[in-house]
Number of protein chains: 2
Amino acid sequence: MATHVAKRCDAAVCGQCEQPCVLGTLQCGLRLDLREFPELKERQLARGDYLFHASGAFESLYAVRSGMLKVSVLTEDGREQITGFFLPGDLVGLDSVGLRQHASSAAAIDDTVVCELPFAVLERHGQSVPRIQAALFRMLSGQIRREQSTLLLLGSLRAEERLAQFLIDLSERVHSDTQCGSAIGMPMTREEIGSYLGLKLETVSRTLSKMHRDGVIEVVKRGVRIRQVDRLRRLAGLAVRPQGDSAHRRGH
Amino acid sequence: MATHVAKRCDAAVCGQCEQPCVLGTLQCGLRLDLREFPELKERQLARGDYLFHASGAFESLYAVRSGMLKVSVLTEDGREQITGFFLPGDLVGLDSVGLRQHASSAAAIDDTVVCELPFAVLERHGQSVPRIQAALFRMLSGQIRREQSTLLLLGSLRAEERLAQFLIDLSERVHSDTQCGSAIGMPMTREEIGSYLGLKLETVSRTLSKMHRDGVIEVVKRGVRIRQVDRLRRLAGLAVRPQGDSAHRRGH
DNA sequence: CGGCCGTTGTTACCGGTTGTTACCTGGCGT
DNA sequence: ACGCCAGGTAACAACCGGTAACAACGGCCG
(Lines give C-alpha, C1' and ligand atoms only; values in the text may rest on other atoms or scores of the structure.)
Protein backbone atom coordinates (compact mmCIF):
# COMPACT_ATOMS: atom_id res chain seq x y z
CA MET A 1 0.00 0.00 0.00
CA ALA A 2 2.75 2.42 0.93
CA THR A 3 4.31 1.72 -2.43
CA HIS A 4 1.19 2.95 -4.19
CA VAL A 5 0.78 6.16 -2.34
CA ALA A 6 4.45 7.05 -2.31
CA LYS A 7 4.36 7.97 -6.00
CA ARG A 8 3.62 11.62 -5.60
CA CYS A 9 6.32 12.01 -3.02
CA ASP A 10 9.08 9.83 -4.36
CA ALA A 11 11.51 12.63 -5.01
CA ALA A 12 11.40 13.41 -1.33
CA VAL A 13 13.94 12.67 1.27
CA CYS A 14 13.10 13.99 4.68
CA GLY A 15 14.77 14.22 8.05
CA GLN A 16 18.34 13.21 7.60
CA CYS A 17 19.43 15.05 4.49
CA GLU A 18 20.02 12.33 1.94
CA GLN A 19 19.90 12.91 -1.80
CA PRO A 20 17.91 14.30 -3.50
CA CYS A 21 17.81 17.05 -0.98
CA VAL A 22 14.25 18.27 -1.30
CA LEU A 23 11.16 17.52 0.71
CA GLY A 24 9.41 16.60 -2.50
CA THR A 25 6.79 18.15 -4.65
CA LEU A 26 3.76 19.00 -2.61
CA GLN A 27 0.44 19.93 -4.13
CA CYS A 28 0.73 23.12 -6.17
CA GLY A 29 4.38 22.40 -6.89
CA LEU A 30 6.02 23.65 -3.72
CA ARG A 31 9.47 22.14 -3.46
CA LEU A 32 11.37 22.64 -0.27
CA ASP A 33 15.10 22.29 -0.01
CA LEU A 34 16.08 20.69 3.23
CA ARG A 35 19.38 22.49 3.47
CA GLU A 36 17.33 25.55 4.31
CA PHE A 37 15.37 23.69 6.95
CA PRO A 38 17.86 22.27 9.39
CA GLU A 39 15.22 22.04 12.07
CA LEU A 40 12.89 19.79 10.07
CA LYS A 41 11.74 16.71 11.91
CA GLU A 42 10.12 13.54 10.73
CA ARG A 43 7.41 11.93 12.80
CA GLN A 44 6.23 8.36 12.76
CA LEU A 45 2.63 7.62 13.68
CA ALA A 46 1.05 4.28 14.37
CA ARG A 47 -2.53 3.59 13.32
CA GLY A 48 -4.73 5.51 15.75
CA ASP A 49 -2.12 8.02 16.91
CA TYR A 50 -3.10 11.66 16.86
CA LEU A 51 -0.95 14.23 15.10
CA PHE A 52 -2.78 17.09 16.81
CA HIS A 53 -6.01 17.69 18.65
CA ALA A 54 -8.63 20.39 18.29
CA SER A 55 -7.85 23.28 20.66
CA GLY A 56 -4.20 22.28 20.85
CA ALA A 57 -1.65 24.95 20.00
CA PHE A 58 -0.92 25.41 16.31
CA GLU A 59 2.76 25.41 15.49
CA SER A 60 3.39 23.44 12.34
CA LEU A 61 2.07 22.19 9.08
CA TYR A 62 2.70 18.56 8.27
CA ALA A 63 3.59 17.09 4.90
CA VAL A 64 2.40 13.51 4.60
CA ARG A 65 5.20 11.23 3.40
CA SER A 66 3.49 7.86 3.58
CA GLY A 67 0.35 6.37 5.09
CA MET A 68 -2.91 8.21 5.56
CA LEU A 69 -4.45 10.70 7.98
CA LYS A 70 -8.01 11.71 8.76
CA VAL A 71 -8.94 15.22 9.83
CA SER A 72 -12.14 15.63 11.77
CA VAL A 73 -14.22 18.11 13.73
CA LEU A 74 -16.68 17.40 16.52
CA THR A 75 -20.23 18.53 17.16
CA GLU A 76 -20.97 19.88 20.61
CA ASP A 77 -22.76 16.65 21.44
CA GLY A 78 -19.85 14.46 20.44
CA ARG A 79 -20.58 13.34 16.87
CA GLU A 80 -17.50 13.19 14.65
CA GLN A 81 -17.39 14.58 11.14
CA ILE A 82 -14.36 13.67 9.06
CA THR A 83 -13.59 16.61 6.79
CA GLY A 84 -10.86 14.97 4.77
CA PHE A 85 -8.40 12.16 4.22
CA PHE A 86 -4.79 13.14 3.62
CA LEU A 87 -2.46 11.15 1.41
CA PRO A 88 1.26 11.41 0.67
CA GLY A 89 2.00 14.78 -0.88
CA ASP A 90 -0.83 16.48 1.00
CA LEU A 91 -0.30 19.20 3.57
CA VAL A 92 -2.20 18.93 6.86
CA GLY A 93 -3.05 21.79 9.19
CA LEU A 94 -3.94 24.51 6.69
CA ASP A 95 -7.07 25.36 8.66
CA SER A 96 -5.01 27.00 11.38
CA VAL A 97 -2.40 29.03 9.52
CA GLY A 98 -1.83 32.26 11.38
CA LEU A 99 -4.10 31.27 14.24
CA ARG A 100 -3.29 30.10 17.74
CA GLN A 101 -5.20 26.86 18.10
CA HIS A 102 -6.24 23.98 15.95
CA ALA A 103 -9.97 23.71 15.25
CA SER A 104 -9.78 20.14 14.03
CA SER A 105 -7.87 17.04 14.99
CA ALA A 106 -5.76 14.76 12.82
CA ALA A 107 -5.23 11.06 13.41
CA ALA A 108 -3.36 8.35 11.57
CA ILE A 109 -5.58 5.81 9.82
CA ASP A 110 -2.62 3.68 8.92
CA ASP A 111 1.01 3.66 9.95
CA THR A 112 2.10 7.06 8.73
CA VAL A 113 5.17 9.22 8.33
CA VAL A 114 4.87 12.99 8.25
CA CYS A 115 7.38 15.77 7.98
CA GLU A 116 6.89 18.64 10.37
CA LEU A 117 7.15 22.12 8.88
CA PRO A 118 7.16 24.73 11.66
CA PHE A 119 5.00 27.53 10.36
CA ALA A 120 7.35 30.19 11.74
CA VAL A 121 10.06 28.79 9.48
CA LEU A 122 7.79 28.70 6.45
CA GLU A 123 6.68 32.24 7.13
CA ARG A 124 10.25 33.47 7.47
CA HIS A 125 11.26 31.83 4.21
CA GLY A 126 8.13 33.09 2.53
CA GLN A 127 9.14 36.68 3.27
CA SER A 128 12.33 36.35 1.28
CA VAL A 129 11.29 33.74 -1.30
CA PRO A 130 8.13 34.83 -3.12
CA ARG A 131 7.78 31.40 -4.67
CA ILE A 132 7.30 29.79 -1.29
CA GLN A 133 4.74 32.36 -0.28
CA ALA A 134 2.83 31.95 -3.54
CA ALA A 135 2.84 28.20 -3.07
CA LEU A 136 1.42 28.60 0.42
CA PHE A 137 -1.38 30.73 -0.95
CA ARG A 138 -2.11 28.17 -3.64
CA MET A 139 -2.25 25.36 -1.14
CA LEU A 140 -4.61 27.29 1.11
CA SER A 141 -6.91 28.04 -1.81
CA GLY A 142 -6.58 24.46 -2.97
CA GLN A 143 -7.77 23.27 0.42
CA ILE A 144 -10.75 25.60 0.20
CA ARG A 145 -11.59 24.23 -3.23
CA ARG A 146 -11.36 20.64 -2.14
CA GLU A 147 -13.74 21.38 0.70
CA GLN A 148 -16.10 23.12 -1.69
CA SER A 149 -16.16 19.96 -3.78
CA THR A 150 -16.98 18.00 -0.66
CA LEU A 151 -19.75 20.45 0.18
CA LEU A 152 -21.21 19.76 -3.23
CA LEU A 153 -20.91 16.05 -2.64
CA LEU A 154 -22.65 16.22 0.73
CA GLY A 155 -25.28 18.70 -0.34
CA SER A 156 -26.30 17.47 -3.76
CA LEU A 157 -25.39 13.84 -4.33
CA ARG A 158 -27.03 10.61 -3.27
CA ALA A 159 -25.35 7.68 -1.56
CA GLU A 160 -24.25 5.82 -4.68
CA GLU A 161 -22.99 8.99 -6.34
CA ARG A 162 -21.06 9.92 -3.21
CA LEU A 163 -19.34 6.56 -3.00
CA ALA A 164 -18.53 6.55 -6.70
CA GLN A 165 -17.01 10.03 -6.55
CA PHE A 166 -15.10 9.09 -3.46
CA LEU A 167 -13.56 6.05 -5.14
CA ILE A 168 -12.68 8.00 -8.26
CA ASP A 169 -11.13 10.78 -6.20
CA LEU A 170 -9.09 8.35 -4.14
CA SER A 171 -7.97 6.54 -7.25
CA GLU A 172 -6.86 9.74 -8.95
CA ARG A 173 -4.95 10.84 -5.89
CA VAL A 174 -3.22 7.52 -5.30
CA HIS A 175 -2.28 6.89 -8.88
CA SER A 176 -2.18 9.87 -11.14
CA ASP A 177 -5.10 8.79 -13.26
CA THR A 178 -8.04 6.42 -12.95
CA GLN A 179 -6.91 3.18 -14.48
CA CYS A 180 -9.00 0.13 -14.85
CA GLY A 181 -8.06 -2.73 -12.61
CA SER A 182 -6.02 -0.55 -10.31
CA ALA A 183 -6.28 -1.39 -6.64
CA ILE A 184 -7.03 1.34 -4.14
CA GLY A 185 -5.93 0.84 -0.59
CA MET A 186 -8.59 1.95 1.86
CA PRO A 187 -7.20 1.59 5.37
CA MET A 188 -10.13 3.48 6.92
CA THR A 189 -13.17 1.72 8.38
CA ARG A 190 -16.66 1.80 6.87
CA GLU A 191 -17.68 4.13 9.66
CA GLU A 192 -14.93 6.60 8.75
CA ILE A 193 -15.89 6.49 5.08
CA GLY A 194 -19.47 7.08 6.15
CA SER A 195 -18.52 9.99 8.37
CA TYR A 196 -16.68 11.65 5.50
CA LEU A 197 -19.50 11.03 3.03
CA GLY A 198 -22.37 11.86 5.39
CA LEU A 199 -23.66 8.29 5.39
CA LYS A 200 -24.05 5.54 7.96
CA LEU A 201 -21.62 2.66 7.84
CA GLU A 202 -24.37 0.21 6.84
CA THR A 203 -25.23 2.36 3.85
CA VAL A 204 -21.57 2.42 2.83
CA SER A 205 -21.40 -1.36 3.11
CA ARG A 206 -24.68 -1.89 1.24
CA THR A 207 -23.68 0.44 -1.59
CA LEU A 208 -20.23 -1.07 -2.01
CA SER A 209 -21.83 -4.52 -2.07
CA LYS A 210 -24.24 -3.41 -4.77
CA MET A 211 -21.41 -2.01 -6.91
CA HIS A 212 -19.58 -5.27 -6.42
CA ARG A 213 -22.66 -7.30 -7.45
CA ASP A 214 -23.02 -5.07 -10.51
CA GLY A 215 -19.43 -5.79 -11.49
CA VAL A 216 -18.32 -2.16 -11.31
CA ILE A 217 -15.77 -2.71 -8.57
CA GLU A 218 -14.26 -5.55 -6.65
CA VAL A 219 -14.25 -5.19 -2.91
CA VAL A 220 -11.13 -6.68 -1.42
CA LYS A 221 -9.83 -6.63 2.10
CA ARG A 222 -9.22 -3.00 3.15
CA GLY A 223 -9.33 -1.90 -0.42
CA VAL A 224 -11.18 -1.78 -3.73
CA ARG A 225 -10.28 -2.63 -7.29
CA ILE A 226 -12.01 -0.66 -10.02
CA ARG A 227 -13.32 -2.93 -12.75
CA GLN A 228 -15.26 -0.56 -15.01
CA VAL A 229 -14.09 3.01 -14.73
CA ASP A 230 -16.63 4.40 -17.17
CA ARG A 231 -19.60 2.86 -15.39
CA LEU A 232 -18.21 4.12 -12.10
CA ARG A 233 -17.91 7.61 -13.51
CA ARG A 234 -21.49 7.40 -14.73
CA LEU A 235 -22.63 6.36 -11.27
CA ALA A 236 -20.79 9.39 -9.91
CA GLY A 237 -22.70 11.68 -12.26
CA LEU A 238 -19.49 12.53 -14.11
CA ALA A 239 -18.89 12.64 -17.81
CA VAL A 240 -17.15 9.58 -19.18
CA ARG A 241 -13.79 10.64 -20.47
CA PRO A 242 -12.57 8.93 -23.64
CA GLN A 243 -9.08 8.02 -22.35
CA GLY A 244 -6.49 9.36 -19.88
CA ASP A 245 -7.67 12.97 -20.07
CA SER A 246 -6.66 14.93 -17.03
CA ALA A 247 -9.90 16.58 -15.95
CA HIS A 248 -9.59 19.98 -17.63
CA ARG A 249 -13.14 20.61 -18.67
CA ARG A 250 -13.48 24.30 -18.02
CA GLY A 251 -12.83 26.13 -21.27
CA HIS A 252 -15.43 28.87 -20.75
CA MET B 1 -31.75 45.59 5.94
CA ALA B 2 -28.57 47.28 4.87
CA THR B 3 -28.56 49.08 8.20
CA HIS B 4 -28.42 45.79 10.03
CA VAL B 5 -25.59 44.26 8.14
CA ALA B 6 -23.48 47.38 8.00
CA LYS B 7 -22.52 47.10 11.65
CA ARG B 8 -19.35 45.14 11.18
CA CYS B 9 -18.19 47.49 8.49
CA ASP B 10 -19.26 50.85 9.78
CA ALA B 11 -15.76 52.21 10.22
CA ALA B 12 -15.25 51.70 6.54
CA VAL B 13 -15.18 54.22 3.81
CA CYS B 14 -14.39 52.90 0.40
CA GLY B 15 -13.69 54.29 -3.03
CA GLN B 16 -13.41 58.03 -2.68
CA CYS B 17 -11.20 58.53 0.32
CA GLU B 18 -13.45 60.09 2.93
CA GLN B 19 -12.80 59.89 6.64
CA PRO B 20 -12.08 57.61 8.37
CA CYS B 21 -9.64 56.52 5.76
CA VAL B 22 -9.68 52.77 6.18
CA LEU B 23 -11.53 50.07 4.34
CA GLY B 24 -12.81 48.85 7.63
CA THR B 25 -12.17 45.91 9.85
CA LEU B 26 -12.52 42.71 7.93
CA GLN B 27 -12.69 39.32 9.60
CA CYS B 28 -9.51 38.58 11.48
CA GLY B 29 -8.85 42.24 12.06
CA LEU B 30 -7.33 43.26 8.76
CA ARG B 31 -7.59 47.02 8.40
CA LEU B 32 -6.62 48.52 5.11
CA ASP B 33 -5.67 52.13 4.73
CA LEU B 34 -7.02 53.51 1.51
CA ARG B 35 -4.19 55.99 1.07
CA GLU B 36 -2.09 52.98 0.21
CA PHE B 37 -4.63 51.71 -2.28
CA PRO B 38 -5.22 54.48 -4.80
CA GLU B 39 -6.46 51.98 -7.36
CA LEU B 40 -9.27 50.62 -5.17
CA LYS B 41 -12.64 50.52 -6.85
CA GLU B 42 -16.11 50.13 -5.51
CA ARG B 43 -18.65 48.05 -7.40
CA GLN B 44 -22.40 48.16 -7.18
CA LEU B 45 -24.37 45.00 -7.90
CA ALA B 46 -28.09 44.64 -8.39
CA ARG B 47 -29.90 41.54 -7.17
CA GLY B 48 -28.96 38.73 -9.54
CA ASP B 49 -25.77 40.29 -10.91
CA TYR B 50 -22.68 38.13 -10.94
CA LEU B 51 -19.45 39.34 -9.38
CA PHE B 52 -17.46 36.60 -11.10
CA HIS B 53 -18.09 33.30 -12.80
CA ALA B 54 -16.43 29.92 -12.42
CA SER B 55 -13.57 29.58 -14.91
CA GLY B 56 -13.28 33.34 -15.24
CA ALA B 57 -9.85 34.87 -14.61
CA PHE B 58 -9.00 35.52 -10.97
CA GLU B 59 -7.71 39.00 -10.32
CA SER B 60 -9.21 40.38 -7.14
CA LEU B 61 -10.67 39.67 -3.78
CA TYR B 62 -13.82 41.52 -2.88
CA ALA B 63 -14.74 42.96 0.49
CA VAL B 64 -18.50 43.07 0.98
CA ARG B 65 -19.63 46.53 2.11
CA SER B 66 -23.39 46.05 2.14
CA GLY B 67 -25.92 43.58 0.82
CA MET B 68 -25.33 39.86 0.43
CA LEU B 69 -23.63 37.49 -2.00
CA LYS B 70 -23.92 33.78 -2.63
CA VAL B 71 -20.98 31.68 -3.78
CA SER B 72 -21.78 28.46 -5.59
CA VAL B 73 -20.25 25.59 -7.52
CA LEU B 74 -21.90 23.44 -10.17
CA THR B 75 -22.03 19.69 -10.67
CA GLU B 76 -21.17 18.43 -14.13
CA ASP B 77 -24.84 17.81 -14.77
CA GLY B 78 -25.88 21.32 -13.82
CA ARG B 79 -27.03 21.13 -10.21
CA GLU B 80 -26.02 24.14 -8.13
CA GLN B 81 -24.53 23.90 -4.67
CA ILE B 82 -24.25 27.11 -2.70
CA THR B 83 -21.12 26.92 -0.57
CA GLY B 84 -21.63 30.11 1.36
CA PHE B 85 -23.42 33.39 1.91
CA PHE B 86 -21.24 36.47 2.29
CA LEU B 87 -22.20 39.41 4.46
CA PRO B 88 -20.66 42.84 5.02
CA GLY B 89 -17.18 42.43 6.43
CA ASP B 90 -16.62 39.14 4.61
CA LEU B 91 -14.01 38.65 1.94
CA VAL B 92 -15.06 36.84 -1.25
CA GLY B 93 -12.79 35.00 -3.64
CA LEU B 94 -10.41 33.31 -1.19
CA ASP B 95 -10.76 30.01 -3.04
CA SER B 96 -8.64 31.31 -5.91
CA VAL B 97 -5.76 33.14 -4.25
CA GLY B 98 -2.64 32.50 -6.24
CA LEU B 99 -4.49 30.61 -8.95
CA ARG B 100 -5.47 31.64 -12.45
CA GLN B 101 -9.18 30.96 -12.61
CA HIS B 102 -12.13 31.03 -10.31
CA ALA B 103 -13.60 27.63 -9.43
CA SER B 104 -16.84 29.08 -8.10
CA SER B 105 -19.16 31.89 -9.04
CA ALA B 106 -20.48 34.72 -6.91
CA ALA B 107 -23.81 36.44 -7.38
CA ALA B 108 -25.64 39.20 -5.54
CA ILE B 109 -28.69 38.03 -3.62
CA ASP B 110 -29.64 41.56 -2.77
CA ASP B 111 -28.47 44.95 -3.96
CA THR B 112 -24.86 44.85 -2.92
CA VAL B 113 -21.76 47.03 -2.73
CA VAL B 114 -18.31 45.46 -2.78
CA CYS B 115 -14.84 46.89 -2.71
CA GLU B 116 -12.43 45.36 -5.18
CA LEU B 117 -8.99 44.48 -3.82
CA PRO B 118 -6.69 43.51 -6.68
CA PHE B 119 -4.71 40.57 -5.39
CA ALA B 120 -1.49 41.82 -6.96
CA VAL B 121 -1.79 44.93 -4.78
CA LEU B 122 -2.49 42.92 -1.64
CA GLU B 123 0.44 40.64 -2.41
CA ARG B 124 2.78 43.57 -2.94
CA HIS B 125 1.74 45.19 0.32
CA GLY B 126 1.94 41.83 2.08
CA GLN B 127 5.62 41.55 1.17
CA SER B 128 6.49 44.71 3.03
CA VAL B 129 3.82 44.73 5.73
CA PRO B 130 3.84 41.45 7.66
CA ARG B 131 0.57 42.35 9.34
CA ILE B 132 -1.27 42.33 6.04
CA GLN B 133 0.22 39.01 5.06
CA ALA B 134 -0.62 37.47 8.43
CA ALA B 135 -4.17 38.76 8.09
CA LEU B 136 -4.46 37.16 4.66
CA PHE B 137 -3.33 33.84 6.10
CA ARG B 138 -5.85 34.14 8.90
CA MET B 139 -8.66 34.87 6.50
CA LEU B 140 -7.77 31.92 4.31
CA SER B 141 -7.69 29.61 7.31
CA GLY B 142 -10.89 31.17 8.56
CA GLN B 143 -12.57 30.34 5.28
CA ILE B 144 -11.38 26.75 5.56
CA ARG B 145 -12.78 26.55 9.08
CA ARG B 146 -16.14 27.94 8.10
CA GLU B 147 -16.38 25.37 5.34
CA GLN B 148 -15.45 22.64 7.80
CA SER B 149 -18.33 23.73 9.99
CA THR B 150 -20.59 23.51 6.98
CA LEU B 151 -19.27 20.05 6.19
CA LEU B 152 -20.25 19.04 9.69
CA LEU B 153 -23.67 20.56 9.19
CA LEU B 154 -24.25 18.75 5.91
CA GLY B 155 -22.75 15.48 7.01
CA SER B 156 -24.08 15.04 10.51
CA LEU B 157 -27.19 17.13 11.14
CA ARG B 158 -30.84 16.67 10.24
CA ALA B 159 -33.10 19.19 8.59
CA GLU B 160 -34.31 20.92 11.73
CA GLU B 161 -30.81 21.09 13.22
CA ARG B 162 -29.45 22.51 9.97
CA LEU B 163 -32.06 25.25 9.80
CA ALA B 164 -31.59 26.14 13.46
CA GLN B 165 -27.82 26.37 13.12
CA PHE B 166 -28.22 28.40 9.97
CA LEU B 167 -30.47 30.92 11.68
CA ILE B 168 -28.18 31.19 14.70
CA ASP B 169 -25.14 31.63 12.47
CA LEU B 170 -26.84 34.31 10.41
CA SER B 171 -28.01 36.08 13.52
CA GLU B 172 -24.54 36.09 15.05
CA ARG B 173 -23.00 37.40 11.88
CA VAL B 174 -25.55 40.13 11.31
CA HIS B 175 -25.63 41.35 14.88
CA SER B 176 -22.69 40.48 17.02
CA ASP B 177 -24.60 38.16 19.30
CA THR B 178 -27.84 36.21 19.22
CA GLN B 179 -30.42 38.44 20.82
CA CYS B 180 -33.99 37.54 21.41
CA GLY B 181 -36.45 39.29 19.20
CA SER B 182 -33.82 40.39 16.74
CA ALA B 183 -34.89 40.34 13.13
CA ILE B 184 -32.71 38.63 10.56
CA GLY B 185 -32.97 39.72 6.98
CA MET B 186 -32.94 36.77 4.60
CA PRO B 187 -32.97 38.08 1.06
CA MET B 188 -32.29 34.64 -0.40
CA THR B 189 -35.06 32.35 -1.63
CA ARG B 190 -36.11 29.09 0.01
CA GLU B 191 -34.42 27.26 -2.81
CA GLU B 192 -31.11 29.02 -2.13
CA ILE B 193 -31.33 28.26 1.58
CA GLY B 194 -32.05 24.66 0.66
CA SER B 195 -29.10 24.50 -1.70
CA TYR B 196 -26.78 25.76 1.01
CA LEU B 197 -28.18 23.37 3.63
CA GLY B 198 -28.48 20.35 1.38
CA LEU B 199 -32.28 20.34 1.56
CA LYS B 200 -35.11 20.84 -0.89
CA LEU B 201 -37.04 24.05 -0.74
CA GLU B 202 -40.18 22.25 0.46
CA THR B 203 -38.28 20.87 3.43
CA VAL B 204 -36.99 24.34 4.25
CA SER B 205 -40.51 25.67 4.07
CA ARG B 206 -41.95 22.82 6.16
CA THR B 207 -39.30 23.18 8.84
CA LEU B 208 -39.57 26.96 9.11
CA SER B 209 -43.35 26.61 9.37
CA LYS B 210 -42.97 24.06 12.15
CA MET B 211 -40.61 26.33 14.09
CA HIS B 212 -43.08 29.15 13.62
CA ARG B 213 -45.98 27.00 14.88
CA ASP B 214 -43.85 25.99 17.88
CA GLY B 215 -43.28 29.65 18.70
CA VAL B 216 -39.50 29.45 18.35
CA ILE B 217 -39.28 31.92 15.51
CA GLU B 218 -41.52 34.26 13.62
CA VAL B 219 -41.35 34.03 9.85
CA VAL B 220 -41.75 37.41 8.26
CA LYS B 221 -41.44 38.46 4.68
CA ARG B 222 -37.86 37.84 3.51
CA GLY B 223 -36.70 37.46 7.06
CA VAL B 224 -37.05 35.79 10.42
CA ARG B 225 -37.38 37.02 13.98
CA ILE B 226 -36.00 34.81 16.71
CA ARG B 227 -38.45 34.44 19.59
CA GLN B 228 -36.78 31.88 21.84
CA VAL B 229 -33.02 31.75 21.40
CA ASP B 230 -32.46 28.96 23.91
CA ARG B 231 -35.00 26.66 22.32
CA LEU B 232 -33.51 27.43 18.91
CA ARG B 233 -30.06 26.57 20.20
CA ARG B 234 -31.41 23.32 21.57
CA LEU B 235 -32.95 22.50 18.21
CA ALA B 236 -29.54 23.16 16.68
CA GLY B 237 -27.92 20.66 19.02
CA LEU B 238 -25.96 23.44 20.69
CA ALA B 239 -25.44 24.08 24.36
CA VAL B 240 -27.70 26.80 25.76
CA ARG B 241 -25.49 29.62 26.85
CA PRO B 242 -26.51 31.48 30.01
CA GLN B 243 -26.22 34.99 28.60
CA GLY B 244 -24.18 36.87 25.97
CA ASP B 245 -21.23 34.50 26.11
CA SER B 246 -19.13 34.74 23.01
CA ALA B 247 -18.77 31.14 21.94
CA HIS B 248 -15.42 30.28 23.51
CA ARG B 249 -16.06 26.78 24.71
CA ARG B 250 -12.76 25.16 23.96
CA GLY B 251 -10.68 25.10 27.17
CA HIS B 252 -8.56 22.01 26.49
C1' DC C 1 -1.33 -24.40 17.43
C1' DG C 2 -6.03 -23.62 18.48
C1' DG C 3 -9.82 -21.52 20.76
C1' DC C 4 -11.79 -17.32 22.58
C1' DC C 5 -13.30 -12.70 22.23
C1' DG C 6 -13.60 -8.01 20.51
C1' DT C 7 -13.76 -5.43 16.41
C1' DT C 8 -15.18 -4.78 11.81
C1' DG C 9 -18.03 -5.86 8.06
C1' DT C 10 -22.33 -7.84 5.79
C1' DT C 11 -27.14 -8.49 5.13
C1' DA C 12 -32.15 -8.19 6.04
C1' DC C 13 -36.24 -5.88 7.53
C1' DC C 14 -38.78 -2.00 9.03
C1' DG C 15 -39.73 2.76 9.85
C1' DG C 16 -38.90 7.63 9.47
C1' DT C 17 -37.12 11.64 7.39
C1' DT C 18 -36.81 13.80 3.32
C1' DG C 19 -37.60 14.16 -1.74
C1' DT C 20 -41.39 14.33 -5.41
C1' DT C 21 -45.22 15.84 -7.38
C1' DA C 22 -49.06 18.57 -7.52
C1' DC C 23 -51.86 22.38 -6.52
C1' DC C 24 -52.97 26.62 -4.22
C1' DT C 25 -52.14 31.40 -2.45
C1' DG C 26 -50.49 36.04 -2.50
C1' DG C 27 -47.51 39.74 -3.94
C1' DC C 28 -45.45 42.30 -7.50
C1' DG C 29 -44.79 44.28 -11.91
C1' DT C 30 -46.54 44.96 -16.58
C1' DA D 1 -56.64 42.79 -14.44
C1' DC D 2 -53.42 39.55 -15.71
C1' DG D 3 -49.45 36.67 -15.52
C1' DC D 4 -45.44 35.30 -13.18
C1' DC D 5 -42.80 33.88 -9.41
C1' DA D 6 -41.87 32.95 -4.54
C1' DG D 7 -43.82 30.65 -1.03
C1' DG D 8 -46.94 27.31 1.46
C1' DT D 9 -49.34 22.83 1.99
C1' DA D 10 -50.49 18.08 1.36
C1' DA D 11 -50.27 13.18 -0.27
C1' DC D 12 -47.26 9.90 -1.77
C1' DA D 13 -42.89 7.58 -2.70
C1' DA D 14 -38.01 6.75 -2.31
C1' DC D 15 -34.09 6.65 0.05
C1' DC D 16 -31.54 6.13 3.82
C1' DG D 17 -31.21 5.28 8.91
C1' DG D 18 -32.10 2.17 12.87
C1' DT D 19 -31.91 -2.20 14.70
C1' DA D 20 -30.49 -6.69 14.92
C1' DA D 21 -28.43 -11.05 13.84
C1' DC D 22 -24.64 -13.12 11.84
C1' DA D 23 -20.08 -13.77 9.57
C1' DA D 24 -15.19 -12.72 9.01
C1' DC D 25 -11.10 -11.25 10.75
C1' DG D 26 -7.34 -10.45 14.00
C1' DG D 27 -5.19 -10.48 18.41
C1' DC D 28 -4.42 -12.63 22.72
C1' DC D 29 -3.42 -16.15 25.60
C1' DG D 30 -3.47 -20.66 27.18
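In the text below, chain A, chain B and the rest are named by the order of the sequence lines, each starting its count at 1.
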Please determine whether a side-chain nitrogen or oxygen atom of B:Thr203 lies at a distance below 4.0 Å from atom OP1 or OP2 of C:dT18. no

Does A:Glu80 have more than 12 heavy atoms from other residues, nucleotides or ligands lying within 6.0 Å of its CD? yes

Grab the CG-C1' distance between A:Leu197 and D:dC15 for me, whole Å please. 16 Å

Mind checking whether B:Phe58 and B:His102 have parallel, tilted or perpendicular rings, split at 30° and 60°? perpendicular

Salt bridge present between A:Arg234 and A:Glu161 (N-O < 4.0 angstrom): no

Side-chain N or O of B:Ser209 versus OP1/OP2 of D:dT9: is the shortest distance under 4.0 Å? yes

How is B:Glu202 classified with respect to the nucleic acid when contacts are heavy atoms under 4.0 Å: base, sugar-phosphate, or nothing? base

Interatomic distance, A:Leu199 CG vs C:dG9 C1' [rounded to whole Å]: 16 Å

Over how many whole Å does the gap from B:Leu208 atom CG to D:dG8 atom P extend? 7 Å

Residue pair B:Arg145, A:Ser104: steps toward the side chain to side chain donor-acceptor pair (under 3.5 Å) verdict: CA-CA 9 Å; B:Arg145 289 187 176 195; A:Ser104 54; over 6 Å; no

I need the CD1-P distance between B:Ile193 and D:dG8, as an integer number of Å. 9 Å

Tell me whether the side-chain N/O atoms of A:Arg190 come closer than 4.0 Å to OP1 or OP2 in C:dT8. no

Between C:dT17 (P) and B:Leu163 (CG): distance, integer Å: 15 Å

Can you measure B:Leu157 atom CG to C:dT17 atom C1' for me and round it to whole angstrom units? 14 Å

May I ask you to say what B:Leu201 touches in the nucleic acid, namely base, sugar-phosphate or nothing, with a heavy-atom cut-off under 4.0 Å? nothing

Taking 4.0 Å as the cut-off, does a side-chain nitrogen or oxygen of B:Lys200 come that near to OP1 or OP2 on D:dG8? no

Candidates D:dA6, C:dC28, C:dT8 - which lies nearest the side chain of A:Thr189: C:dT8

Hey, is the side chain of B:Arg213 pairing donor to acceptor with the base of D:dG8 inside 3.5 Å? no

Test: B:Arg47 and B:Asp49 ion pair at under 4.0 Å: no

No-H, no-angle donor-acceptor pair, B:Arg222 side chain to D:dG7 base, under 3.5 Å: no

Of B:Met188 and B:Arg206, the one whose closest nucleotide on DNA chain D sits nearer the 5' end is B:Met188

Between C:dT10 atom C1' and A:Lys210 atom NZ, what is the distance in whole Å? 16 Å

Using a heavy-atom cut-off of under 4.0 Å over every strand shown, decide if A:Gly194 touches base, sugar-phosphate, or nothing. nothing

For atom CD of A:Glu191 and atom P of D:dG18, their distance in whole Å: 12 Å

